[in-house]
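Here is how names work: the chains are called A, B, and so on, in the same order as the sequence lines, proteins then strands, and each is numbered from 1. Heavy atoms only: backbone and side chains are in, while hydrogens, waters and symmetry mates are out.
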Amino acid sequence: MSKQTDDFFKNVISHAKEYGFVFPSSEIYDGLSAVYDYGQLGAELKNNLKAYWWKAMVQLHENIVGIDAAIFMHPTTWKASGHVDGFNDPMIDNKDSKKRYRADQLIEERIATYEADGKIDQAEQLQADLDAALNADDLAGLKSLIETHNIVCPISGTKNWTDVRQFNLMFSTQMGASAEDAETVYLRPETAQGIFVNFLNVQKSGRMKIPFGIAQIGKAFRNEVIARQFIMRMREFEQMEMQFFVRPGTELEWYQQWKETRLKWHLAIGGSSAKYRYHDHVKLAHYANAAVDIEYEFPFGFKEVEGIHSRTDFDLSQHQKYSGKKIQYFDPEISQNYVPYVIETSIGLDRLFLTVLCNAFEEQDLSTAEKQDSRSVLRFHPALAPVKAAVLPLTKKDGLPDKAREILNRLKLDYNVQYDEKDSIGKRYRRQDAIGTPFCITIDYQSLEDDTVTLRHRDSMEQERVATSDLEKIIRNLVDWKNLLVKL
RNA sequence: GCGGAAGUAGCUCAAUUGGUAGAGCGAUAGCCUUCCAAGCUAUAGGUUGCGGGUUCGAGACCCGUCUUCCGCUCCA
């Protein structure tokens, strides 16, 4: 990261805090690592992003419906999905090389060495010890195996190891009021499983015919090994996922289609196409037969914002197996029962928020030969802006505030508006620029005579004289969701 | 978790060798002002991240601890 982009990112972060978009969680207690709170404007922007996604997915597609599944799910869900076994690995660090390893893999390598040297007995004994330790979650036992078999770090060649620690992806908690009969449940690490376990409910109650999709917005929780870069990787985060169920054999066509549809959605809110790219997965996850990320060029490089995965019938088949319920669809066109294939679109809402913030933020130099001048501006698409308009009496005397309040009270029935009468008019414009308000309405003495006001535009800083009776119509035209949805 | 750097007002930063914690911006109240910031007056805001130690005296020195940032390890 260059000094310049580094500074830019730091400025975005401090701007976000300064103006009430994002705060570190529990800040008065020194914060909580990798957890953030959304402030008064951040919450508005986030709600607008959710609305944009929901409208684009659910409202615009007659074959996509939205649900809201619980964060707690039956523990077997996570056995079926592969999360319980797949993501709790024993980790160990070498203090000299500073490298981290998976303890079980180090021991596996030693077993392979024994076998290569013809020490079959030793290999079998170690394998048995390893399995016993893993099954018993015996972390100290794993360490003593590493020590007694003289396993050294491949980099440093030393045996200077830390203790073995367990890495758990999922957060667990207890369900049940009394400690004795409480059951361990997990906070979901992805929202997708809430959709899969409801496949039959939605398909039957909604009389859905394949192909169809189920959308959901919700929180998910992961213990990351490292969680960094502001709201890029958080332990508690929000996903917007849509699982699209298709006939087996057609999945790659749908995969292509959703890949294109989703990029178009990102570009519609004003990102330059040079900032986005596809990144195809070479190494696929256990359940996928194709996967691509939509990446955005953050100040710290291209990073994943959204993933489109062809998940095959892995998830539904797993749930069919673990639940014993038949999860199939009868396709009248081909008179066949099958487990549908799934195309997933999965976007991190917090990452999306960050792309929008980075994309919108600009520190603009307005200097002329006579005077140095600058402003901070957030160029949000008007439909996404937390505050749509500010109503400003030119002075706070002579009845201008009353007239302004009158206009404000009418406009607030339609959207978020702010009133401000403090400081010079220029300063007030700049304050609104800093929070991304697209329009300022200024009431002056002429307004009292002919009922017109100045409408000032954020991006161009240009002003026009309009009748107050036209305000609602003019602003609605510019902030309307239609302007975005029609582009999709 | 390891290594490096840093934590002083909401923000950016001062504070001589260890000797009374300050400024600018911002905020609030008022003045001025008929359309693009940095004009005037006043006010608020700090147990210098936290805990211990050395000292007559610690923002500064020592130990511990927490948090943040950068790099590494992991990542559906």
Side-chain angles (χ1 to χ4, degrees), chain A residues 1 6 9-11 13-15 17-20 23-34 81-83 86-87 89 91-102 155 160-165 167-170 189-190 192-193 220 222-230 233 239 241 281 283-288 291 293 300 304 307 309 311 314-315 344 346 364 366-368 371-377 392-398 400 422-434 440-448 453-458 461-465:
Chain A
M1 206 187 319
D6 195 19
F9 190 50
K10 280 189 177 134
N11 290 343
I13 294 170
S14 55
H15 193 89
K17 187 188 165 198
E18 181 111 30
Y19 289 94
F23 306 123
S25 163
S26 326
E27 199 185 7
I28 61 167
Y29 294 111
D30 278 337
L32 187 61
S33 190
S81 70
H83 285 81
F87 297 97
D89 304 320
M91 315 290 274
I92 190 166
D93 295 289
N94 183 272
K95 290 179 190 169
D96 297 316
S97 65
K98 315 295 182 203
K99 293 290 172 189
R100 169 170 294 179
Y101 301 92
R102 281 187 38 190
I155 307 284
N160 192 7
W161 298 107
T162 63
D163 284 339
V164 177
R165 287 178 307 270
F167 169 67
N168 289 314
L169 177 97
M170 290 195 288
E190 62 175 20
Q193 300 304 326
R222 291 182 198 176
N223 268 313
E224 305 279 1
V225 175
I226 56 153
R228 288 266 177 84
Q229 278 159 338
F230 194 41
R233 299 191 68 182
Q239 293 183 308
E241 292 197 313
H281 286 210
K283 204 178 117 202
L284 295 170
H286 56 282
Y287 53 70
D293 293 336
F300 43 84
E304 177 191 355
H309 293 194
R311 291 182 77 129
F314 176 83
D315 298 279
E344 167 187 273
S346 172
Q364 207 177 3
L366 300 173
S367 297
T368 59
K371 186 177 145 198
Q372 282 224 318
D373 196 4
S374 67
R375 67 168 182 163
S376 296
V377 56
L392 317 168
L394 194 54
T395 75
K396 53 180 155 181
K397 295 183 302 199
D398 305 324
L400 295 184
K422 170 83 179 157
D423 296 316
S424 74
I425 190 70
K427 206 169 206 172
R428 282 178 276 167
Y429 286 153
R430 300 302 168 85
R431 270 205 288 268
Q432 294 300 327
D433 290 339
C440 289
I441 296 155
T442 304
I443 288 81
D444 58 15
Y445 289 93
Q446 192 188 331
S447 309
L448 300 178
V453 293
T454 304
L455 185 66
R456 182 261 193 188
H457 296 260
R458 176 195 67 202
M461 298 171 75
E462 278 167 7
Q463 302 175 172
E464 56 177 323
R465 195 85 201 172

>> At 4.0 Å (heavy atoms only), tell me whether A:Ser374 reaches a base, stays on the sugar-phosphate, or touches nothing.
In response: base
>> Any base atoms under 4.0 Å from A:Arg456, or only sugar-phosphate, or nothing? Heavy atoms, all strands.
In response: base
> Which part of the nucleic acid, if any, lies within contact of A:Ile425, taking any heavy atom under 4.0 Å across all strands shown: a base, the sugar-phosphate backbone alone, or nothing?
Replying inline: sugar-phosphate
>> Roughly how many Å apart are B:U68 and B:C56, using the C1' atom of each and rounding to a whole number?
In response: 36 Å
>> As a test of reading the structure: which of B:C36, B:C11, B:A37 is closest to the side chain of A:Lys427, going by heavy atoms?
In response: B:A37
> Between B:G30, B:C36, B:C35, which one does the side chain of A:Lys396 approach most closely?
Replying inline: B:G30
> Heavy atoms under 4.0 Å, any strand shown: does A:Lys17 hit a base, just sugar-phosphate, or nothing?
Replying inline: sugar-phosphate
> Given the C1' atoms of B:G46 and B:A9, what is the spacing between them in whole Å?
Replying inline: 6 Å
> With rounding to whole Å, what would you report as the distance between B:G1 and B:A44 at their C1' atoms?
Replying inline: 44 Å
> What interatomic distance, in whole Å, is found between C1' of B:U33 and the corresponding atom of B:A38?
Replying inline: 15 Å
> When only distance counts, do a donor and an acceptor, one from the side chain of A:Thr454 and one from the base of B:C35, lie under 3.5 Å apart?
Replying inline: yes
>> Among B:C74, B:G10, B:C36, which nucleotide has an atom closest to any side-chain atom of A:Arg233?
In response: B:C74
> Can you tell me which stems RNA chain B forms when a stem means 3 or more consecutive Watson-Crick or G-U pairs under 3.5 Å?
Replying inline: B:1-7 with B:66-72, B:10-13 with B:22-25, B:27-31 with B:39-43, B:49-53 with B:61-65
> Among B:C36, B:G30, B:C11, which nucleotide sits nearest the side chain of A:Tyr429?
Replying inline: B:C36
